[in-house]
Amino acid sequence: MIVVGVDGSVAARAAVEWAAADALRTREPLRLVHAVDRTPYQIGRFPTPTLPDVLLREGRRILDEAVALVRDRQPQVEVETREVEGAPALVLREEAEGASEIVVGSRGLGGFAGALLGSVSTHVAGHVRCPVVVVRAQRQPASGEIVVGVDDSPECRPALAYAFRQAELRGAKLRAVHAWQLPVHAFAPEIAYDVDEIRAAQQQLLTGALESFRAEHPAVEIIEETHSGHPVDVLTAAGAQADLVVVGSHGRGAMGSALLGSVSRGVLHHARCAVAVVR
């Protein structure tokens with residue numbers, strides 16, 4: 001089951017389209033979820049008794065429009081809806097139980113106009129255990145390429161598995177990118193470093209990380225790239241023309257969105273295409 005959060009925003013509409021296309025590729029049903037949050041309207045001294053009904057009717061309208069969009073774009077996809085009372089981030093966290101994937105827009109109706117990433121998408125990406133895809137409102141022409149960040153950590157393997165499957169289902173190229181940085185003491189003049197040797201070792205690391213996945217997905221065309229630079233900068237640049245950037249998460253905290261590592265958080269904030277965060 002693929003779950004997508006809808007709130008009537010442009011980014012949410014883009015998320016519905018993205019999720020519907022993915023549901024068609026994976027042959028999974030799609031669940032559209034709208035959270036009815038009454039909290040902001042219960043602060044007043046004299047609450048309006050009819051307001052809950054208004055919110056529920058508006059939520060139904062938003063869900064009906066999302067269903068119509070799915071049936072227009074991907075009529076073969078099985079779709080259902082849920083209207084749930086509660087804060088959007090918490091509702092989507094609960095919906096993630098048993099979901100294969102959560103899809104959200106980068107920004108909802110609230111928040112600052114210039115923000116690339118909203119509080120709901122940040123919270124969901126930082127808390128749920130299934131893959132979370134954050135979709136931008138701005139459309140980009142399809143490039144037929146997926147970018148995945150690669151390092152030597154165990155957390156990288158689920159991201160690679162997800163990226164290879166997406167590339168295989170889409171018939172897309174997979175650009176596997178590894179970013180590396182010289183240790184700080186490498187710049188001390190009294191210590192000699194062979195940069196070519198380091199670069200060759202990083203390339204070997206990348207090739208080794210891909211080996212088993214390459215054997216499992218022989219039809220996927222792979223482009224290997226190693227770059228000296230900060231991972232966020234390297235992945236953001238690599239994803240400038242991509243359809244999707246896939247990152248793992250090394251976050252280990254339990255508060256707020258601390259389960260997001262610094263790289264996954266940075267890519268979510270700066271990438272211009274859809275980003276999948278995979279535990």
Checking side-chain hydrogen bond (donor to acceptor under 3.5 Å, both in side chains) for the pair Q203/R199: CA distance, chi angles, key distance, verdict? CA-CA 6 Å; Q203 179 62 50; R199 186 178 290 112; over 6 Å; no

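The salt bridge (charged side-chain N to carboxylate O under 4.0 Å, His left out) search around E58 returns R61, not counting sequence neighbours. Qualifying side-chain contact (heavy atoms from CB on, under 4.5 Å) partners for V70, counting only residues two or more places apart in sequence or in other chains: V16, A20, L30, L32, V77, V79. In terms of the salt bridge (charged side-chain N to carboxylate O under 4.0 Å, His left out) criterion, residue partners of R175 (sequence neighbours excluded) are, by chain and number, E145, E225. Residues satisfying the side-chain contact (heavy atoms from CB on, under 4.5 Å) test with E17, not counting sequence neighbours, are R13, L69, R73, R139. Residues satisfying the salt bridge (charged side-chain N to carboxylate O under 4.0 Å, His left out) test with E224, not counting sequence neighbours, are R214. Residues that satisfy the side-chain contact (heavy atoms from CB on, under 4.5 Å) test with Q204, not counting sequence neighbours, are absent from this structure. The side chain to side chain donor-acceptor pair (under 3.5 Å) check on T81 picks up R60, with sequence neighbours excluded. Taking the salt bridge (charged side-chain N to carboxylate O under 4.0 Å, His left out) definition, one finds that D152 meets it with nothing, sequence neighbours left out.
Pairs engaging residues 92-102 under the salt bridge (Lys or Arg N to Asp or Glu O under 4.0 Å) rule: R31-E95, R82-E95 [sequence neighbours left out]. The ring-ring contact (aromatic ring centres under 6.0 Å, His included) contacts involving residues 224-243 comprise nothing, where partners must be two or more places apart or lie in separate chains. Every pair passing ring-ring contact (aromatic ring centres under 6.0 Å, His included) that includes a residue from residues 139-181 is listed here, sequence neighbours excluded: F164-F213, F164-H217. A ring-ring contact (aromatic ring centres under 6.0 Å, His included) check over residues 60-83, counting only residues at least two apart or in different chains, returns nothing.
The backbone N or O of V277 lies less than 3.5 Å from no partner atom in the side chain of S264, so there is not a single donor-acceptor pair.
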